[in-house]
Amino acid sequence: MDQRHHRPQYPNSSRHDHQSAYKRDRDDSRDHFECKRFGPNHHQHQAGPAPGQSSLTSQALSTRKQLYERDFPLYKQPVEVGSFSLDSERRFFNDRRQMRYFVEPDRKPNFDLRDGYKDRFIKRDDGVKEKLDHILRWVLANRSKLQSRGTTDSSACALDVDFVTWRGHLTKLLTTPYETREGWLLAVTKFRGTLYISEVETEAARRDRENRTEKHEEMMYWGYKFEQYTCTDNIHSFPDPSGVVNTNEAFCTVVQTRLADHRLLFSGEVDCRDKDPKAPAPPACYVELKTSAEICTPKQRSNFHRFKLLKWWAQSFLPGVPRVVAGFRDHEGVVVALETFHISKISHLIKNEYNCWKPTVCMNFCCDFLSFVKGVVREDNPSVVHLFSCEPQRDVTYSIHRDSQYSFLPHWYVEEMTSASSQDSHHR
């Protein structure tokens with residue numbers, strides 16, 4: 001496949017140069033960027049209403065990957081419009097206090113990822129569902145950056161974006177055509193012209209979370225411990241692996257971009273940034289950190305390419321994070337090797353894998369899903385939720401819920417946005 005349909009570049013240059021590079025990559029296929037709202041990949045799907053559902057329509061979106069093998073859709077260079085921090089008690093701060101710096105380790109490290117699990121670990125309660133709350137706090141604190149310009153209509157969009165969500169929810173969409181194990185539920189509400197997407201935990205995911213083994217819990221800790229070995233709080237210090245790992249803490253970027261005709265605002269957690277003062281501006285200076293089992297056989301390498309690199313690529317490509325630094329661990333949980341994966345080169349790594357995933361399929365499915373949502377969610381009402389559901393290799397369907405447990409826009413957000421908008425119209 002022509003590489004320009006595979007991966008726009010993220011060069012270390014000015015924003016103008018970024019946009020020019022994206023334009024050059026897309027010039028030969030610009031006629032293919034429009035997402036058809038109800039194209040041939042939307043078809044009828046009959047199903048009876050499930051318990052608790054007020055209605056289930058017959059419209060559905062196919063997840064068959066063959067339907068999405070088109071030219072790579074327009075994806076504008078992501079621009080960081082802000083960031084925020086969550087402290088050791090998950091309190092929100094509209095600043096960069098939790099940002100950390102990457103310190104390049106030795107090429108042959110000996111990091112014991114088990115260290116501190118029993119006695120220096122404060123684990124976030126992942127049974128508490130925060131929904132979009134942290135992003136919404138950022139939106140309220142930075143509304144002036146997001147308002148549409150030059151409108152005099154008091155009913156105009158309060159925010160100049162089509163969608164607000166977490167990066168992780170979009171990552172799930174990108175990987176859906178290749179997902180064979182896990183389904184998902186995404187709740188969508190339209191409020192003042194903007195569509196908000198929040199994940200709902202599936203019953204299967206809840207059971208898995210509540211029944212994790214101690215070994216699984218420890219292996220989840222290993223990823224955070226690797227960050228402690230490779231990150232520091234300020235540019236002049238060195239990592240201190242003797243401290244406490246607290247998974248409540250987080251630094252999150254907020255980026256704006258456009259996928260075809262969908263204007264996106266989303267936030268995602270960032271592990272660290274390049275400490276070089278000459279590093280490019282965010283998000284191009286950010287580094288994603290991962291751990292993975294040591295690769296010893298061709299079969300293991302093939303599985304790594306087919307499954308793990310898909311998730312890593314999707315997660316970093318969306319916000320424009322250019323590289324993943326991976327620590328490869330032995331079965332005792334000791335990191336014995338490091339490798340850097342440049343997001344722009346991952347499609348080269350996988351091209352010789354038989355029937356492997358394709359970036360263009362991922363992005364086109366996401367684009368069509370967003371078009372599907374726009375076509376379905378018409379009522380502008382924060383108490384109305386459209387719940388989109390997908391099981392592996394099945395169509396995406398949806399149900400509509402009013403004043404239900406699925407409502408997720410908090411009263412404090414709705415009230416402040418409504419009162420601020422009425423004040424804006426009063427002052428015009």
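For the numbers below, each heavy atom of this structure counts, side chains included, while hydrogens, waters and symmetry mates do not. This chain uses plain numbering: 1 for the first residue, then up along the sequence.
- Of the options Thr247, Asn248, Val245, a side-chain contact (heavy atoms from CB on, under 4.5 Å) to Ile122 is made by Asn248 and by none of the others.
- Donor-acceptor pairing under 3.5 Å is lacking for the side chains of Tyr117 and Glu217.
- The distance between the ring centers of Phe163 and Tyr196 does not fall below 6.0 angstrom.
- A donor atom on one side chain and an acceptor atom on the other are found under 3.5 Å apart for Asn142 and Asn94.
- Judged by distance alone, the side chains of Asp233 and Ser237 never bring a donor and an acceptor atom under 3.5 Å apart.
- Between Leu86 and His134 the shortest side-chain heavy-atom distance falls below 4.5 Å.
- Looking at Ile350, Ile346, Leu310 one by one, the single match for side-chain contact (heavy atoms from CB on, under 4.5 Å) with His305 turns out to be Ile350.
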Exercise. Kindly determine whether Asn381 and Phe191 satisfy side-chain contact (heavy atoms from CB on, under 4.5 Å), including the steps that lead there.
Key: CA-CA 6 Å; Asn381 185 340; Phe191 174 54; over 6 Å; no
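- Judged by distance alone, the side chains of Gln393 and Thr63 never bring a donor and an acceptor atom under 3.5 Å apart.
- Side-chain atoms of Ser83 and Arg96 form a donor-acceptor pair, as typed in the model, at a separation below 3.5 Å.
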Exercise. Check step by step if side-chain contact (heavy atoms from CB on, under 4.5 Å) holds for Ile343 and Val324.
Key: CA-CA 7 Å; Ile343 298 304; Val324 174; 3.8 Å; yes
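- A ring-centre distance under 6.0 Å is found for Phe304 and Phe328.
- Side chains of Ser371 and His262: a donor on one and an acceptor on the other come within 3.5 Å.
- Using a 4.5 Å heavy-atom cutoff, the side chains of Asp368 and Arg70 are in contact.
- Judged by distance alone, the side chains of Thr397 and Asp395 never bring a donor and an acceptor atom under 3.5 Å apart.
- When each of Tyr413, Phe93, Phe92 is tested with Arg137 by the rule side-chain contact (heavy atoms from CB on, under 4.5 Å), just one qualifies, namely Phe92.
- Between Arg192 and Leu159 the shortest side-chain heavy-atom distance does not fall below 4.5 Å.
- For Lys278 and Asp276, the salt-bridge test fails: no basic side-chain N is under 4.0 Å from an acidic carboxylate O.
- Side-chain contact between Pro239 and Thr230: absent, with no pair of heavy atoms (C-beta onward) separated by less than 4.5 Å.
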Self-check item: Pair Arg124-Glu130, salt bridge (charged side-chain N to carboxylate O under 4.0 Å, His left out): steps then yes or no
Solution: CA-CA 12 Å; Arg124 178 190 157 207; Glu130 297 168 330; 3.3 Å; yes
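- Contact check for Leu136 versus Pro410: side-chain heavy atoms found under the 4.5 Å cut-off.
- A donor and an acceptor atom, one from each side chain of His401 and Ser399, are located under 3.5 Å apart.
- Counting heavy atoms from C-beta outward, Gln256 and Arg263 have side chains that stay 4.5 Å or more apart.
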Quiz item: What's the verdict on ring pair (Phe, Tyr, Trp, His ring centres under 6.0 Å) for Phe121 and Tyr224, showing C-alpha distance, side-chain angles and the deciding distance?
Solution: CA-CA 10 Å; Phe121 178 33; Tyr224 294 102; 7.3 Å; no
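- The aromatic ring centres of Trp184 and Phe369 sit less than 6.0 Å apart.
- Between the side chains of Gln315 and Lys290, at least one donor N or O lies within less than 3.5 Å of an accepting N or O.
- When side chains are defined from C-beta on, Lys65 does not count as touching Phe365, because their heavy atoms never get closer than 4.5 Å.
- Cation-pi geometry between Lys374 and Phe372 is not met at under 6.0 angstrom from the ring centre and within 45 degrees of the axis.
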